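Below: the structure, in structure tokens.
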Number of protein chains: 2
Amino acid sequence: MTRTKPVTGQRTTRQRSAIADLLTQTDDFLSAQQLHDLLVARGDSIGLTTVYRNLQALVDAGQVDAIWDGSGETRYRHCSDDHHHHLVCRACGTTVEVQAEPVERWAASIAESHGFHDISHTVEIFGICSPCTGERADDD
Amino acid sequence: MTRTKPVTGQRTTRQRSAIADLLTQTDDFLSAQQLHDLLVARGDSIGLTTVYRNLQALVDAGQVDAIWDGSGETRYRHCSDDHHHHLVCRACGTTVEVQAEPVERWAASIAESHGFHDISHTVEIFGICSPCTGERADDD
DNA sequence: CCGCAGATTGACAATCGTTTTCAGATAGAA
DNA sequence: TTCTATCTGAAAACGATTGTCAATCTGCGG
């Protein structure tokens with residue numbers, strides 16, 4: 001059937017707005033549960049399920065970045081539109097968005113030279129930022 | 001009596017050897033469950049729990065690399081000593097080790113320019129390898 | 001303004017990968 | 001062989017995420 005079905009069946013709900021809103025105001029990577037807690041703390045009545053669902057939608061729409069912090073949780077953060085990566089401080093968690101054109105090109109060419117296509121990649125840089133350098137004596 | 005207790009209480013068990021052995025022979029990233037399946041298929045009687053436990057130990061000892069493929073599973077692989085990254089086929093799991101000097105330099109310079117030090121990074125490239133390309137008809 | 005259809009919500013159950021529990025089996029030393 | 005700390009593994013526990021489904025909204029047409 002070639003019906004011109006309205007693809008945008010998106011509705012503006014209170015919950016959806018609340019999530020997008022909170023995400024916009026925060027610079028940290030938050031887990032779905034943290035996000036939910038914050039929302040509830042702010043006075044928004046919302047279910048955990050709904051948070052997960054909307055987070056998925058946002059990631060899917062490319063409006064939010066998801067990373068795996070290696071401890072069992074996926075963390076979400078609003079992101080600028082263009083493709084980029086993160087420089088994260090191991091000590092304080094500060095995150096810096098970095099452009100990575102050289103890496104994009106490198107990844108693409110490496111992949112192609114091996115016959116791969118439909119490429120995606122993960123690039124995260126971890127380190128200790130200067131403010132944290134002086135403060136740390138013991139490690140881990 | 002103040003006997004010096006042996007700190008290294010490591011024993012060589014059939015299961016432990018089997019895991020290390022299989023890992024040595026395989027170049028792909030395998031999930032704990034895949035590893036378990038392979039072990040059983042090879043005729044080794046071993047429990048899933050044991051696979052997980054030993055895998056953790058190996059990762060902890062730095063003898064095995066663990067990556068998160070973004071779909072809920074952690075995958076493990078033995079790794080060569082020198083620093084390198086991976087090009088992984090999303091469909092069949094084939095892995096290619098790639099050297100990434102340009103990326104190393106890029107990561108180092110980016111980090112430095114932001115005042116970060118003690119840098120480490122993760123770089124993984126995912127794609128579909130050519131053998132898998134033709135086999136896929138259904139799409140998402 | 002009213003009502004309808006379909007999108008959305010949310011409490012709860014179900015999944016899924018991974019970890020913990022704990023009693024029985026085993027490796028290594030004496 | 002005996003002894004004991006380490007290992008093993010089946011099953012339960014766990015925590016994050018997804019699915020279910022009836023009740024509730026949003027947006028549009030009338």
Side-chain angles (χ1 to χ4, degrees), chain A residues 1 3-22 29-61 63-77, chain B residues 1-22 29-61 64-77 93 140:
Chain A
M1 62 171 83
R3 176 69 70 79
T4 312
K5 189 171 88 184
V7 194
T8 37
Q10 286 261 308
R11 291 179 185 174
T12 310
T13 63
R14 176 175 52 74
Q15 293 89 335
R16 187 162 293 172
S17 302
I19 293 176
D21 192 45
L22 179 52
F29 276 96
L30 302 172
S31 67
Q33 320 237 7
Q34 288 178 307
L35 210 32
H36 178 244
D37 287 348
L38 285 174
L39 250 9
V40 171
R42 273 184 13 166
D44 293 302
S45 171
I46 188 172
L48 222 204
T49 309
T50 304
V51 174
Y52 271 106
R53 245 186 315 237
N54 281 296
L55 240 18
Q56 282 176 57
L58 287 168
V59 170
D60 214 56
Q63 293 173 43
V64 160
D65 243 21
I67 68 173
W68 165 257
D69 68 355
S71 68
E73 285 183 321
T74 303
R75 289 161 167 273
Y76 306 85
R77 208 193 94 142
Chain B
M1 199 189 281
T2 330
R3 180 68 69 78
T4 310
K5 189 170 95 185
V7 194
T8 37
Q10 284 263 305
R11 291 179 185 174
T12 309
T13 62
R14 175 175 53 74
Q15 294 89 335
R16 187 163 293 172
S17 301
I19 293 176
D21 192 47
L22 178 53
F29 274 97
L30 301 172
S31 67
Q33 321 235 6
Q34 289 178 308
L35 209 33
H36 177 245
D37 287 349
L38 286 173
L39 250 9
V40 171
R42 274 185 11 166
D44 293 302
S45 170
I46 188 172
L48 222 204
T49 308
T50 303
V51 174
Y52 271 107
R53 241 183 319 233
N54 282 295
L55 241 18
Q56 282 177 55
L58 287 169
V59 170
D60 215 56
V64 161
D65 244 21
I67 66 173
W68 165 256
D69 68 354
S71 69
E73 285 183 321
T74 303
R75 288 159 167 271
Y76 305 85
R77 208 194 96 142
D140 193 348

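Protein chains get the first letters and strands the later ones, always in sequence-line order, with residue 1 at the start of each. This one's a predicted model, so the numbers in the text were calculated from it and none came from an experiment.
- Judged as a side-chain contact (heavy atoms from CB on, under 4.5 Å), and not counting sequence neighbours, A:Asp37 has no contacts.
- Atom-to-atom, CZ of A:Arg75 to P of D:dA16 comes out at 11 Å; the value is rounded to the nearest Å.
- Look at CZ on B:Arg16: it is 15 Å from C1' on C:dA25, rounded to the nearest Å.
- Applying the side-chain contact (heavy atoms from CB on, under 4.5 Å) criterion to B:Leu38, with sequence neighbours excluded, gives B:Leu22, B:Leu30.
- Residue B:Leu39 comes nearest to B:Ala18 through the heavy atom pair CD1-O, 3.8 Å, listed as atom of the first residue, atom of the second, then distance.
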Hey, can you pull the donor-acceptor pairs under 3.5 Å for the side chains in residues 45-54 of chain B, sequence neighbours left out?
from, atom 1, to, atom 2, distance (Å)
B:Tyr52, OH, B:Gln33, NE2, 3.3
B:Asn54, OD1, B:Arg16, NE, 2.9
B:Asn54, ND2, B:Thr50, O, 2.9

Discussion item. For a quick check, with a 4.0 angstrom heavy-atom cut-off, what is the B/S/- contact string for nucleotides 18-30 of chain D, read 5' to 3'?
Written reply: BBB-----BS---
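- A:Asn54 has no side-chain polar atom (N or O) that falls below the 4.0 Å cut-off from OP1 or OP2 of C:dT8.
- Taking atom CD of A:Glu73 as the reference point, atom C1' of D:dC14 lies 13 Å away to the nearest angstrom.
- Taking both residues in full, the closest heavy atoms of A:Ser31 and A:Tyr76 are given as C-CD1, 4.5 Å, listed atom of the first, atom of the second, then distance.
- Between B:Thr50 and D:dC7, a side-chain N or O to OP1/OP2 separation shorter than 4.0 Å is absent.
- Residue pairs satisfying the salt bridge (Lys or Arg N to Asp or Glu O under 4.0 Å) criterion with at least one member in residues 40-52 of chain B, sequence neighbours excluded, are listed as follows: B:Asp21-B:Arg42, B:Arg42-B:Asp44.
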Item to complete: Go through the steps to decide whether B:Thr74 and B:Leu55 satisfy the test side chain to side chain contact (heavy atoms under 4.5 Å, CB included), and finish with yes or no.
Response: CA-CA 11 Å; B:Thr74 303; B:Leu55 241 18; over 6 Å; no
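- Within residues 30-45 of chain B, the residues that have a heavy atom under 4.0 Å from DNA chain D are, in order of number, B:Ser45.
- Summarising the geometry, the separation between CD1 on A:Ile46 and C1' on C:dA11 is reported as 14 Å, rounded to the nearest angstrom.
- Heavy atoms only, all atoms of each residue included: A:Arg75 and A:Phe29 are closest at NH1-O, 2.9 Å.
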